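This report refers to the structure that appears directly beneath it.
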Number of protein chains: 2
Amino acid sequence: MKKHNCIVGDDESVCPKVKLSIQDTLDVVGGKWKLVLISILRDGKKRFRELSREADISPRILSKELQELEMNGLVTRTVCDTRPVTVEYALTPYSDTLSEVIIAMHKWGHEHRRKVMEHAG
Amino acid sequence: MKKHNCIVGDDESVCPKVKLSIQDTLDVVGGKWKLVLISILRDGKKRFRELSREADISPRILSKELQELEMNGLVTRTVCDTRPVTVEYALTPYSDTLSEVIIAMHKWGHEHRRKVMEHAG
DNA sequence: AATACCAGTTACAAAAAGGATACTATGAAG
DNA sequence: CTTCATAGTATCCTTTTTGTAACTGGTATT
């Protein structure tokens, strides 16, 4: 399956815009953790260990995910002059553009859980 | 990292609702293909090979993804009495509840691409 | 010096996802 | 009988993702 790197001049019938846009989004915030991390950071900036605990994610994965989010301009990493040194991760203004996505997923997950539970109970 | 199977009685500070809801959503439509397939099916029902071609996804993966979507009540599978037999996949009414998610991701991906391109160009 | 906390990194293993190819089974067309 | 199209499945392999545990390096506390 080839990469969808068809920025321009692509055959619309084979690689329609909607499919492309969704894949673009998934490239940036897809995977198991990125949207979870962003949703946690919406409560305010957090330090590395705090994020690790709150998301229940190991330091290795967390480090990688945060680097990718930083590279995509969604979070900032700030080293604080405390002892011991702490590092704060915060959302950028650009990450606000993801609000609709996160709110929609939050709402859907909530409703879906309700429906699954009432079906089970 | 433990499963987030805390349906009730969970410690809100460790497993807040937003994180949980998003993880619930990802459990159902996370991964590389499910939202892409749903977005394609929003144009109307498709047969197996059509989906395979349009999404550029191999039959093995497509089969697995469609089964999972069917199990979660998001698509229906209909065997048609044609020769050779064809199978139609279509969205269920319940899948409409994902519209906000899909539209939000579509919009974000589109805008993000615009921004990345203007920054590169 | 021993201990502990912070922010990671390294090394390794396991699991999940993805992909290529070939194959089944059915039925029609040539 | 061969070829083609349908919808998958089976097998094998590679890549990606995720996880565990231990470890570095810096600073402070006891």
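Remember, predicted model here, so these are calculated numbers, not experimental data. Chain letters run A, B, ... following the sequence lines, proteins first and then strands; every chain starts at 1.
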Take atom NZ of A/Lys32 and atom P of C/dA16, then tell me their distance rounded to the nearest Å. 9 Å
Short side-chain N/O contact to D/dG19 OP1/OP2 from A/Trp33, under 4.0 Å: yes
Please state whether the rings of A/Tyr89 and A/Phe48 are parallel, tilted or perpendicular, taking 30° and 60° as the class boundaries. tilted
Starting from C1' on C/dC6, measure out to NZ on A/Lys46 and report it in whole angstrom. 17 Å
State, to 0.1 Å, how close A/Leu37 and A/Ala55 come at their nearest heavy-atom pair, and which atoms those are. CD2-CB, 4.0 Å
Rounded off to whole Å, could you give me the CZ-to-P distance for the B/Arg53 and D/dG8 pair? 13 Å
Could you state the CD1-P distance from B/Ile61 to D/dT14, rounded to the nearest angstrom? 16 Å
Taking everything shown except A/Glu68 itself, do over 12 heavy atoms lie less than 6.0 Å from its CD? yes
Go through it in stages, so that I can follow the logic: the residues are B/Lys46 and B/Glu54, the test is side chain to side chain contact (heavy atoms under 4.5 Å, CB included), and I'd like the CA-CA distance, side-chain angles, deciding distance and then a yes or no. CA-CA 10 Å; B/Lys46 306 268 183 191; B/Glu54 286 196 34; 3.0 Å; yes
Starting at CG of A/Leu26 and ending at P of D/dT16, how long is that distance when rounded to a whole Å? 17 Å
B/Ile57 CD1 to D/dT9 C1': how many Å, rounded? 15 Å
What do you reckon, is NZ of A/Lys45 surrounded by more than 12 foreign heavy atoms closer than 6.0 Å? no
Nearest heavy-atom approach of A/Val85 to A/Cys80 is CG1-O, 3.9 Å
Going by side-chain contact (heavy atoms from CB on, under 4.5 Å), B/Leu51 matches just one of B/Leu66, B/Val36, B/Val75. Which one? B/Leu66
Provide a list of protein-nucleic acid N or O atom pairs under 3.5 angstrom, restricted to nucleotides 27-30 of chain D.
{"residue": "D/dA28", "atom": "OP1", "partner": "A/Arg83", "partner atom": "NE", "Å": "3.4"}

Contact list (N/O, under 3.5 angstrom) for nucleotides 8-11 of chain C vs protein:
{"residue": "C/dG8", "atom": "OP1", "partner": "A/Arg77", "partner atom": "NE", "Å": "3.2"}
{"residue": "C/dG8", "atom": "OP1", "partner": "A/Arg77", "partner atom": "NH2", "Å": "2.5"}
{"residue": "C/dG8", "atom": "OP2", "partner": "A/Tyr89", "partner atom": "OH", "Å": "2.7"}
{"residue": "C/dT9", "atom": "OP2", "partner": "A/Ser63", "partner atom": "OG", "Å": "2.5"}
{"residue": "C/dA11", "atom": "N6", "partner": "A/Arg60", "partner atom": "NE", "Å": "3.4"}

Taking CD from B/Glu50 and C1' from D/dG8, how many angstroms apart are they, rounded to a whole number? 15 Å
Angle class for the B/Trp108/B/His112 ring planes (parallel below 30°, perpendicular above 60°, tilted otherwise)? parallel
D/dA21 C1' sits how many Å from A/Leu62 CG, rounded? 17 Å
What I want to check is whether the side chains of B/Ser95 and B/Arg42 have a donor and an acceptor closer together than 3.5 Å. no
